[in-house]
There are 2 protein chains.
Amino acid sequence: MKGEDKKTNRKEDVRKLILDAAKKLFVEEGYQSTSMRKIASEIGYSPTAIYLYYKDKGDVVYELHQEGFSLLKTYLMPLATVEAPFERLKALGRTYLNFAKEHPDFYEVMFMMKEPMVHLDNNPTNEMWEGGKEMFGFIIATIAECQQQGYFSKDNPQYIALQAWGLVHGLCSLYITTRLDKVGMENISELSADALLENAYKSFVSFVESSKNSKR
Amino acid sequence: MKGEDKKTNRKEDVRKLILDAAKKLFVEEGYQSTSMRKIASEIGYSPTAIYLYYKDKGDVVYELHQEGFSLLKTYLMPLATVEAPFERLKALGRTYLNFAKEHPDFYEVMFMMKEPMVHLDNNPTNEMWEGGKEMFGFIIATIAECQQQGYFSKDNPQYIALQAWGLVHGLCSLYITTRLDKVGMENISELSADALLENAYKSFVSFVESSKNSKR
DNA sequence: AAATTTAACTTAACAGTGTTAAGTAAATGA
DNA sequence: TCATTTACTTAACACTGTTAAGTTAAATTT
């Protein structure tokens with residue numbers, strides 16, 4: 001069995017070598033200019049060598065997408081210690097926004113690009129976008145706790161969670177695609193994208209806060 | 001002057017010919033497989049002929065993006081007749097969602113892709129994402145009217161409009177990138193993406209409705 | 001009417017992309 | 001030692017956007 005282990009270990013090592021090179025190019029030069037050939041030359045391999053370890057480019061992009069979710073987890077971990085559910089929810093939104101701003105490339109591959117989802121469809125394994133579902137589940141659970149404290153309506157927490165996620169994701173994706181800049185400028189107030197993002201989020205939080213115990 | 005006019009008319013005609021071919025491929029085969037070569041062969045030209053009428057691919061994609069905003073306008077025009085501002089706002093959200101579902105490719109190029117924004121940055125004309133700003137302005141104006149009727153807080157309408165846009169855009173982009181499918185399945189309730197979208201939007205509307213005159 | 005210029009294209013080519021098939025050299029097993 | 005597997009590389013295909021140079025016909029000028 002030792003030989004077997006050694007073999008799979010070796011295989012895993014090279015996979016990691018390739019993935020790390022891909023990640024490096026990805027964060028330094030962006031997705032657009034991360035080609036199979038560049039990844040290969042980064043580790044001194046020929047382009048086709050990658051195909052011995054990954055099925056195709058979609059496969060390595062999917063792994064990158066998974067790396068992104070690992071990174072997001074390290075951002076969200078500390079939130080588990082926040083006792084008050086609404087405080088936790090606010091921090092969740094903040095952290096999500098920060099993650100998107102600090103790692104726009106990862107955010108893109110995780111939440112904006114079609115490729116990783118297509119890869120999931122083509123590889124009908126039992127895992128169905130685990131990372132995304134886990135994060136969404138965290139929002140749902142937190143919302144449900146908030147409801148018990150009088151926040152939001154008594155609606156299905158899934159729907160409310162989707163509103164929250166949709167809003168924050170919407171802001172992040174408009175920010176990343178520079179559309180927040182474009183609507184902010186020349187608008188008398190002359191607000192920067194960052195200021196718009198900040199103010200919109202704050203305004204949303206206080207809107208939810210103010211509607212506590214309205215109970216529809 | 002007649003010669004001049006004839007010349008520019010001819011030039012405009014061919015530009016339209018190219019753009020229509022691009023649009024056809026765009027809606028029938030999607031952005032991914034709309035290449036300069038396919039556009040050219042669609043109208044019986046050689047690939048390089050396009051470059052006599054458009055600077056580069058980004059240029060024709062930008063025009064496609066403009067076509068999208070023309071189309072969106074035809075969707076939004078009828079809303080001007082809705083007197084009650086909150087009714088108009090609800091209809092605006094609905095219409096926006098419908099547009100995204102009926103024309104996902106146009107929606108992508110208008111609100112999700114980076115290319116058209118890069119094109120704007122590289123062509124420093126006086127127009128700064130006119131279509132986007134006009135639509136966002138429509139939301140702001142409607143929100144402002146809603147505020148006068150006791151809806152929302154007395155916050156800057158720009159911030160509230162951005163929340164609304166962010167939420168609806170977030171839902172649309174999660175829908176288009178099939179992420180709503182992925183989080184909806186296997187979730188006991190087993191909701192389809194369409195049902196999730198629908199319920200989240202309805203829940204949001206009734207949340208805003210219920211908080212009327214809370215006045216923070 | 002003839003010569004020249006300009007307009008509207010095409011052909012060939014470059015540099016890049018993802019990907020497959022075939023070939024090679026070294027390590028391993030019998 | 002010989003055969004086989006492992007781990008790669010080289011060459012090639014079919015694309016992509018794009019540029020430079022060449023062609024052909026129409027318009028303009030002389």
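Below, chains carry the letters A, B, ... as their sequence lines are ordered, and counting in each starts from 1.
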Q | Partners passing side chain to side chain donor-acceptor pair (under 3.5 Å) against Thr34(A) (at least two apart in sequence or in another chain) | A | none
Q | Tyr51(A) side chain near Met36(A) side chain, heavy-atom distance below 4.5 Å | A | yes
Q.
Take a 6.0 Å sphere around CD of Glu130(B) and say whether it holds more than 12 heavy atoms from other residues, nucleotides or ligands.
A. no
Q | Least distance between heavy atoms, Ile176(B) atom then Ala100(B) atom | A | CD1-O, 4.0 Å
Q | Residue pairs involving residues 86-101 of chain B (criterion side-chain hydrogen bond (donor to acceptor under 3.5 Å, both in side chains); sequence neighbours excluded) | A | Glu87(B)-Lys90(B), Arg88(B)-Glu145(B), Lys90(B)-Glu209(B), Arg94(B)-Glu198(B), Tyr96(B)-Tyr107(B), Tyr96(B)-Trp165(B), Lys101(B)-Asp194(B)
Q) What bend angle does the helix from dA1(C)-dT30(D) to dA30(C)-dT1(D) show across its length, from five-pair end axes and to the nearest 10 degrees? A) 20°
Q.
Among residues 48-63 of chain A, which ones have heavy-atom contacts with DNA chain C below 4.0 Å?
A. Thr48(A), Tyr51(A), Asp56(A), Lys57(A)
Q. What residues form a ring pair (Phe, Tyr, Trp, His ring centres under 6.0 Å) with Tyr75(B), not counting sequence neighbours?
A. Phe99(B), His103(B)
Q. How would you label the contact of Ser46(A) with the nucleic acid (heavy atoms, under 4.0 Å): base, sugar-phosphate, or nothing?
A. base
Q. So, is Tyr45(B) near the phosphate of dC9(C), with a side-chain N or O under 4.0 Å from OP1 or OP2?
A. yes
Q. Would one find a side-chain N or O of Arg10(A) under 4.0 angstrom from OP1 or OP2 of dC8(D)?
A. yes
Q. Salt bridge (charged side-chain N to carboxylate O under 4.0 Å, His left out): which pairs involve residues 34-53 of chain B, sequence neighbours left out?
A. Lys24(B)-Glu42(B)
Q. Tell me, which of residues 111-122 of chain B have any heavy atom that sits under 4.0 Å from an atom in DNA chain D?
A. none
Q) For Ser46(A), which residues count as a side chain to side chain donor-acceptor pair (under 3.5 Å) partner, sequence neighbours excluded? A) Thr48(A)
**Q.** With Asp155(A) via side chain to side chain donor-acceptor pair (under 3.5 Å) - residues at least two apart
**A.** Ser203(B)
Q | Side-chain donor/acceptor of Thr178(B) to backbone N/O of Asp181(B), under 3.5 Å | A | no
**Q.** Ile143(A) versus Ala164(A), closest heavy-atom pair with distance
**A.** CD1-CB, 4.5 Å
Q.
Using a 4.0 Å cut-off on heavy atoms, which residues in residues 15-23 of chain A reach DNA chain D? List them by number, or say none.
A. none
Under 3.5 Å, which donor-acceptor pairs link side chains of residues 62-69 of chain A to any protein atom two or more places apart or in another chain?
{"unit_1": "Tyr62(A)", "atom_1": "OH", "unit_2": "Gln66(A)", "atom_2": "NE2", "d": "3.1"}
{"unit_1": "Tyr62(A)", "atom_1": "OH", "unit_2": "Glu127(A)", "atom_2": "OE1", "d": "3.2"}
{"unit_1": "His65(A)", "atom_1": "ND1", "unit_2": "Tyr62(A)", "atom_2": "O", "d": "3.3"}
{"unit_1": "His65(A)", "atom_1": "NE2", "unit_2": "Trp129(A)", "atom_2": "NE1", "d": "2.9"}
{"unit_1": "Glu67(A)", "atom_1": "OE1", "unit_2": "Lys23(A)", "atom_2": "NZ", "d": "2.6"}

Q: Could you list by number each residue of residues 36-44 of chain B showing a heavy-atom separation from DNA chain D of less than 4.0 Å, or answer none if no residue does?
A: Met36(B), Arg37(B)
Q. Nearest 0.5 Å, what's the OG-NZ distance between Ser35(A) and Lys57(A)?
A. 7.0 Å
(Q) On a heavy-atom basis, which atom in Ala200(A) and which in Leu162(B) lie closest, and how many Å separate them? (A) CB-CD2, 3.7 Å
Q: Would you please indicate if the ring centroids of Phe207(B) and Phe207(A) are separated by under 6.0 Å?
A: yes
